[in-house]
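Taking it in order: structure first as structure tokens, then the write-up.
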Amino acid sequence: SSGSEVNLALVATGSTSFVSGHETLTALNDGATPANSGDKSHGAYGNWPQRGTQWVQYDWAQPISTRRMEVYWFDDHGGVRLPKACRLKYWDGNAFVTVANAIGLGLAENRFNTTTFPELTTTKLRLEFDGNDDSSTGLLDWRVYDSGKSPNFAPVADAGVDRVVVLPGETYLTGKVKDDGKPKSAPVVRWSKESGPGKVTFADASAVETTARFSAVGDYVLKLAADDGQLSASGVVHVTVTPKPPASHLSPVWTTRYQVSGPFWRPRLKNLIVNWIPHCVRKCEDPAGKDGGIENFVQAARKLAGQPGARHTGAVFANTWVYNTLESMCIAQMLDPQGDAEIAAAQAAMRKTIDDWVPKMLGAQEPDGYLHTQYTIEGHRRWSNKHDHEDYQAGYFIEAAIAHHLMTGGKDTRMLAAARRLADCWVKNIGPAPKRAWYPGHQEMEMALVKLARYVEQTDGPGKGRAYVELAKFLLDSRQGGDEYDQSHAPVTRQYEAVGHAVRAVYSYCGMADVAMETGNVDYLSAVQSLWNSIVNRKYYVTGGVGSGETSEGFGKDYSLPNNAYCESCSNCGELFFQEKLQMIYRDARYADLAEETLYNAILGDVDLDGQNYTYTNPLDSSGS
């Protein structure tokens, strides 16, 4: 590159007045070119929910000379909008001074805004920008060009996040090297083994992105070095190599008639059955309710019958409340009341509700098995918006149907048959070409499909549920090219750090664990173990809760666990499921211990002792009463 085109931002260290938890400062100088101002595929810097004037800054280890910069603004047309003004300042040795005679300072979206100014020499540049009214601000890229007089800087090498590899699997190395282009356009890179007990074989040791295999169990350090011909730098990644799990895994224990007599659990269950579940039923049946409930199924059935005027109420995922409540009623039915009149009366009322709800639900199922009341009522095109919870709701219907079948001792097959028709509809339509490629915006169906597969194989025989496992794996394997929020930023077998929305994340990892259990796929096992290690050793609260809330209802950075945690009740349940599945795979008591920790400390408090109130978040501190 010519001197004027050397982007010095690539070798700068960034800082800021504030960056929101779900955005990243490193997006500013990652070298990626955005497609538009809403393109977060390479990350974005944003300062939501801050307002007013904010700033980002570059620091260099030696003075640089420049007379031109380019800014690509981030605008999500939501909380982050274009600024109303911006300024460039430089460090004069004592203070930040506004750059004089700057021409440009543009605020246009969907392109780089170029600013030129008289040549200056400094070790720090600061870009200030003013928010527009109540909006926050953000950037996708900020480039600072060398005027030709800046020194050469060493490359910056990032070897990636630490991870686990299950033998005989490989790890996917996605290193990153940034350089200023001096004295030649691209540095020479090299992967090598720094330490470890066995041999490491790289598919291509001279490629930034490659794979590595290991000959022995143990702890390894791999180094990624970059050399521009004058200067060099390196980064390392720690890899723990473990043996495969036992050849056979534990089998699920299906709920059957049960008794609970202990003084701790019995009053809790009683209050849930007598108070909490009936409250949920009332909410689902409230004709004036705005959240949606059983009436949506009645309306969908009317639409399918050709009657006019059908109307959907509540969020696109409103069917979920009904499915979850039905499942809880079915499980509650299987508790022996042991002479407790209040429990018996509550169970009798639930039986009437179940008998009323089931035909209504079945009436909303389309002829080919598809079920999603809003889509049926409003005529939406199936599999056109991954955020509309088609899969999420389908998964919960399947789980409710299994609970219903268990409750009846297998005598009432209506719900299970409907669940299989629903799953078969998905199998018929979603999958490798010529079927549709698809992945859900909110995971859950992956777990449910594997659960259905196991249940069907028990009732119908080996192999009968295989198609459901294959669909679960396809949904997971289709996740790539998206963003961290819904864990679609990379193929699941290359995800080694827990990121994004915590409920979506742990549900995704549960589905991966289920698929790993059923297929023995070592890449899945390696990813699952890496994600478990990322959560438990770096992003896990002492209560067993997960999701600091620093990102959107999600995980923050390593070891960042503020006391005002989000720890959503749903994510804590998903974390419990995740530990349970690892216990099934590995037969190792540490997973059972962690499952208990989450259950007793992060889940039990979601509903109060009387079963009258619940809390959505579970912080370690509270200012409420």
Side-chain angles (χ1 to χ4, degrees), residues 157-177 188-227 232-249 473 476-477 479-480 487 489-499 508-509 512-540 558 578-579 581-588 590-591:
D158 179 357
V161 300
D162 297 344
R163 76 280 308 270
V164 177
V165 177
V166 176
L167 289 179
E170 60 187 353
T171 193
Y172 296 88
L173 298 166
T174 52
K176 296 177 182 177
V177 171
V188 174
V189 301
R190 191 77 187 170
W191 285 98
S192 62
K193 171 190 155 185
E194 188 82 345
S195 64
K199 181 181 179 182
V200 179
T201 304
F202 298 95
D204 183 355
S206 63
V208 175
E209 296 191 10
T210 186
T211 60
R213 290 187 178 274
F214 304 81
S215 66
V217 168
D219 293 323
Y220 294 76
V221 176
L222 306 183
K223 183 171 76 172
L224 173 63
D227 190 328
S232 62
S234 63
V236 298
V237 57
H238 295 262
V239 183
T240 300
V241 179
T242 66
K244 290 182 73 173
S248 61
H249 60 76
K473 186 173 185 295
L476 288 163
D477 286 342
R479 308 190 79 80
Q480 53 187 303
Q487 298 74 47
H489 57 293
V492 294
T493 53
R494 306 183 188 192
Q495 294 186 25
Y496 304 127
E497 179 186 7
V499 296
S508 194
Y509 308 154
M512 292 166 64
D514 276 330
V515 167
M517 208 183 314
E518 296 302 320
T519 65
N521 185 298
V522 289
D523 282 351
Y524 265 75
L525 286 167
S526 295
V528 165
Q529 276 292 341
S530 298
L531 293 162
W532 181 90
N533 178 66
S534 171
I535 292 174
V536 172
N537 292 321
R538 299 173 184 227
K539 303 189 179 190
Y540 186 79
D558 285 352
F578 190 38
Q579 302 293 356
K581 293 173 192 301
L582 282 158
Q583 164 71 0
M584 290 174 67
I585 296 173
Y586 282 93
R587 304 177 177 222
D588 188 328
R590 66 176 169 169
Y591 303 113

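What you see below is based on every heavy atom in this structure, not just the backbone, and it leaves out hydrogens, waters and symmetry mates.
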Looking only at atom types and distance, does a side-chain atom of [X] sit under 3.5 Å from a main-chain N or O of [Y], one as donor and one as acceptor?
X: Ser530; Y: Ser526; answer: yes
X: Arg587; Y: Ser248; answer: yes
X: Ser215; Y: Gly198; answer: no

Of the options Val237, Val236, Val177, which is the one that meets Leu224 in a side chain to side chain contact (heavy atoms under 4.5 Å, CB included)?
Val177
As a quick check of understanding, evaluate side-chain hydrogen bond (donor to acceptor under 3.5 Å, both in side chains) for Ser234 and Arg190, giving each step before the final call.
CA-CA 9 Å; Ser234 63; Arg190 191 77 187 170; over 6 Å; no
[atom2] on [Y] to [atom1] on [X], rounded to 0.5 Å:
X: Arg494; Y: Glu209; atom1: CZ; atom2: CD; value: 8.0 Å
X: Gln487; Y: Gln480; atom1: CD; atom2: CD; value: 14.5 Å
X: Tyr586; Y: Lys244; atom1: OH; atom2: NZ; value: 10.0 Å
X: Gln529; Y: Thr242; atom1: CD; atom2: OG1; value: 5.5 Å
X: Met517; Y: Leu582; atom1: CE; atom2: CG; value: 7.5 Å

pair [X]-[Y]: side-chain heavy atoms closer than 4.5 Å:
X: Thr240; Y: Asn533; value: no
X: Val200; Y: Val239; value: no
X: Leu531; Y: Glu497; value: no
X: Glu170; Y: Val522; value: no
X: Tyr509; Y: Gln495; value: yes
X: Phe202; Y: Leu173; value: yes

Pair Phe578, Val528 - check side-chain contact (heavy atoms from CB on, under 4.5 Å), show working.
CA-CA 9 Å; Phe578 190 38; Val528 165; 3.8 Å; yes
Taking every non-hydrogen atom, the tightest pair across [X] and [Y]:
X: Pro197; Y: Tyr220; value: CD-CZ, 3.6 Å
X: Ala203; Y: Thr210; value: CB-OG1, 3.5 Å
X: Tyr540; Y: Gln579; value: CE1-NE2, 4.5 Å

Can you run down the side chain to side chain donor-acceptor pair (under 3.5 Å) pairs that involve residues 192-205, sequence neighbours left out, and say none if there aren't any?
Asp204-Ser206
Polar contact flag, side-chain donor to acceptor under 3.5 angstrom, Tyr524-Asp477:
yes
Sequence neighbours excluded and cut-off under 3.5 Å, please list the side-chain donor-acceptor pairs for residues 157-168, or say none.
from   : atom 1 : to     : atom 2 : distance (Å)
Asp158 : OD1    : Gly160 : N      : 2.9
Asp162 : OD1    : His238 : N      : 2.9
Asp162 : OD2    : Arg538 : NH2    : 2.8
Arg163 : NE     : Val161 : O      : 2.6
Arg163 : NH1    : Thr171 : OG1    : 2.7
Arg163 : NH1    : Tyr172 : O      : 3.2
Arg163 : NH2    : Val161 : O      : 3.1

